[in-house]
Each structure stands twice: as C-alpha cells, then as structure tokens.
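Each remark here refers to the structure printed beneath this line.
A, B, ... follow the sequence lines: proteins, then strands. Residue 1 opens every chain. Just so it is clear, the model here is predicted, and its values are computed rather than measured.
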Number of protein chains: 2
Amino acid sequence: MVQSKTELFEQELIEKAALFKALAHPARLQILQFLAATQSCITGDISDELPLGRTTVNQHLKELKAAGLVTGHIEGVKTKYCLDMDNVKRLREELGGFIDDLHIDNYCCE
Amino acid sequence: MVQSKTELFEQELIEKAALFKALAHPARLQILQFLAATQSCITGDISDELPLGRTTVNQHLKELKAAGLVTGHIEGVKTKYCLDMDNVKRLREELGGFIDDLHIDNYCCE
DNA sequence: TTCTTATGACGCAAATATACGTCAAATATT
DNA sequence: AATATTTGACGTATATTTGCGTCATAAGAA
C-alpha cells in the first residue's frame, strides 16, 4: 500500500476496530483468560502457560496495556498484571453495542 | 518470526481470535454497517461509500465472507452482498460469551 | 457482433504484526 | 560486594495485512 488509510475513517470506527484488534490473537485471549482465572494478579511468567517465549508474551502484554484492558504494577523485581475491570466491562458493552446497532432483527435479505 | 505459532493454541481460542480479527479494521466495520443500513442487499459499489478503491473493498468483503459474516449472490453482471444474520447473531453471543466467561464480576486485583 | 459495465483473480509494494535473542537496569540473594 | 532473577527496551527476521493496478471473464446494451 502506498500509505495507511485507517485514519480516513470515522474516529469511532477506528477505536472500535482497535479494540477488536487487541483481541485478534489467541495469545492475547489466553492471557486475558489467565489473568481472570488467577484472581490474584500474576507476575510475568505467564509465558509458562503459553507456547511462546517470554519476550513475545511481554509484547502481547504491552498491546493489551495499550488497549487499556490490562494494567501492570511493579512490585520489587517482579511486575503484577491485572485486568482493568472497568475497561473490560466497557469493552463488552461497546462490542455488543456495535452489533445491536446493526438492527439485524429487522434485516431482510432477498 | 521463524514460524507462525497460532496453531499451537486451543482451537477454540484460534477461532474466536479469527472472529475478532474479521472485525479489526474500520473498513470492515463500516461495510457491515452499510449492509445493515441498506436493508436490500447491495452491489459491489460499496466502495463509493468508503475512502478506498474498489479492489481493496473487494478484498475486505472476501475476508468478511471467509469469516462467514457476509454472503454474495451473483445477479446478472452484479453481485449482491448480504449479512449472514444467523452468523452475526452467533458472533454476538460468542464475543459476549468470551467476556462473560472471564467472570470479571468476582475479579479482585490487589 | 461490438461495446460497455461489473466483477473477481492475480500479483506487487508498503505497512504492520509476530516471534524472539540480546542487553542493561533494578531488585533480591548470598 | 558479588551473584542471580526478573523485567522491559531494542533490534532483527519472517509473516501477514493492506491497498491498489491490471487483466480476463461474464452479462447486458447498442
């Protein structure tokens, strides 16, 4: 492509697409599940749970943080990661809302 | 990367990630909105509505079809695209379900 | 038939994502 | 102090996505 064109779309669509993109990799989904399952916030060796190296997992964590779904607290040498519950809830509403707004109930294709 | 590793994850996660990925671009979100808004199924010149060329839009439509969210019926020279309502509804449940399954209501981070 | 239109397949180039090795800094352990 | 852990930043290689031009095909119009 000559240039990226994502910025030519409506801001709202861009943001929604970015949210979906944050969830568009199985590693990131599994990280979210793992953080949710282990109630207490967990250190970085989430990589033991995934078929990926540590730095790769770190990279995915970084993206989840950028999307606002996860926060990281430094605790001595280690770092504890947590779900950002408020944003995860907001996420759920936004994603459901997008589909609801399509009003597929009335949709009739012929 | 030496090789793609997505296939090393659980099948369920891979499929959910693929669904999210289908929604991870503003053009595809807008295409879905457009198809939903124009009740009658629409020919390919959806590209008039987007800041993208025809072949690019075609490419995005192809991805939406691969994800099962859209179907295309040939009608003479033109092609009519439709939302696949059943799959869109299923999508809504699966995506909401993923977040529900995190049980964030009980989540307590300290 | 000839011309026009609409489409999708194909391939290219640029941008971005994915995966990881290495390294320096910070904290703990000895 | 010397050593060991844990982490994130950085760079690199490969893979995938994105955007588009070109072309051949198929159907309708002239």
Problem - Nearest atoms (heavy-atom pairs only) where A:Val88 meets B:Leu102 - result: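 Here A:Val88 and B:Leu102 meet closest at CG1-CD1, 4.5 Å.
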Handout entry: Side-chain N or O of A:Lys21 closer than 4.0 Å to phosphate OP1/OP2 of D:dT17
Key =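 Answer no for this pair, as no side-chain N or O of A:Lys21 is under 4.0 Å from OP1 or OP2.
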Exercise for the section: Indicate whether OP1 or OP2 belonging to C:dA17 is found under 4.0 Å from a side-chain N or O atom of A:His60. Expected result: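 For C:dA17, OP1/OP2 do not have a side-chain N/O of A:His60 under 4.0 Å.
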Problem - Check: A:Arg28 side chain, A:Ala22 main-chain N or O, donor-acceptor pair, under 3.5 Å - result: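 It does hold such a pair.
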What is the distance from [atom1] of [X] to [atom2] of [N], rounded to the nearest Å?
| X | N | atom1 | atom2 | answer |
| --- | --- | --- | --- | --- |
| B:Phe20 | C:dA17 | CZ | C1' | 18 Å |
| A:Glu7 | D:dT18 | CD | P | 14 Å |
| B:Glu75 | D:dG28 | CD | C1' | 14 Å |
| A:Lys5 | C:dA13 | NZ | C1' | 14 Å |
| B:Leu8 | C:dA19 | CG | C1' | 12 Å |
| A:Ile31 | C:dA19 | CD1 | C1' | 13 Å |
| B:Ile74 | C:dA6 | CD1 | P | 16 Å |
| B:Leu23 | D:dT18 | CG | P | 12 Å |

Exercise for the section: Please state whether the rings of B:His25 and A:Phe9 are parallel, tilted or perpendicular, taking 30° and 60° as the class boundaries. Expected result: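 The rings of B:His25 and A:Phe9 stand perpendicular, inter-plane angle above 60°.
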Practice task
Determine, for A:Lys16 against A:Glu12, whether the closest basic-nitrogen to carboxylate-oxygen distance falls under 4.0 angstrom.
Solution key: yes
Problem - Residues B:Arg92, A:Asp100: salt bridge by 4.0 Å N-O rule - result: yes
Problem - Among A:Leu52, A:Leu83, A:Val70, A:Val57, side chain to side chain contact (heavy atoms under 4.5 Å, CB included) partner for A:Ile31 - result: A:Val57
Find every protein N or O atom lying less than 3.5 Å from an N or O atom of nucleotides 5-10 of chain D, and list the pairs.
| from | atom 1 | to | atom 2 | distance (Å) |
| --- | --- | --- | --- | --- |
| D:dT7 | OP1 | A:Gly44 | N | 2.9 |
| D:dT7 | O3' | A:Thr79 | OG1 | 3.2 |
| D:dG8 | OP1 | A:Tyr81 | OH | 2.7 |
| D:dG8 | OP2 | A:Asn58 | OD1 | 3.4 |
| D:dG8 | OP2 | A:Asn58 | ND2 | 2.7 |
| D:dG8 | OP2 | A:Tyr81 | OH | 3.2 |
| D:dG8 | N7 | A:Arg54 | NH1 | 3.1 |
| D:dG8 | O6 | A:Arg54 | NH2 | 2.7 |

Fill in the blank from the handout: Judged by nearest nucleotide, the residue sitting upstream toward the 5' end of DNA chain D, B:Leu52 or B:Gly76, is B:Leu52
Exercise for the section: Check whether any side-chain heavy atom of B:Leu23 lies under 4.5 Å from a side-chain heavy atom of A:Leu95, and answer yes or no. Expected result: no
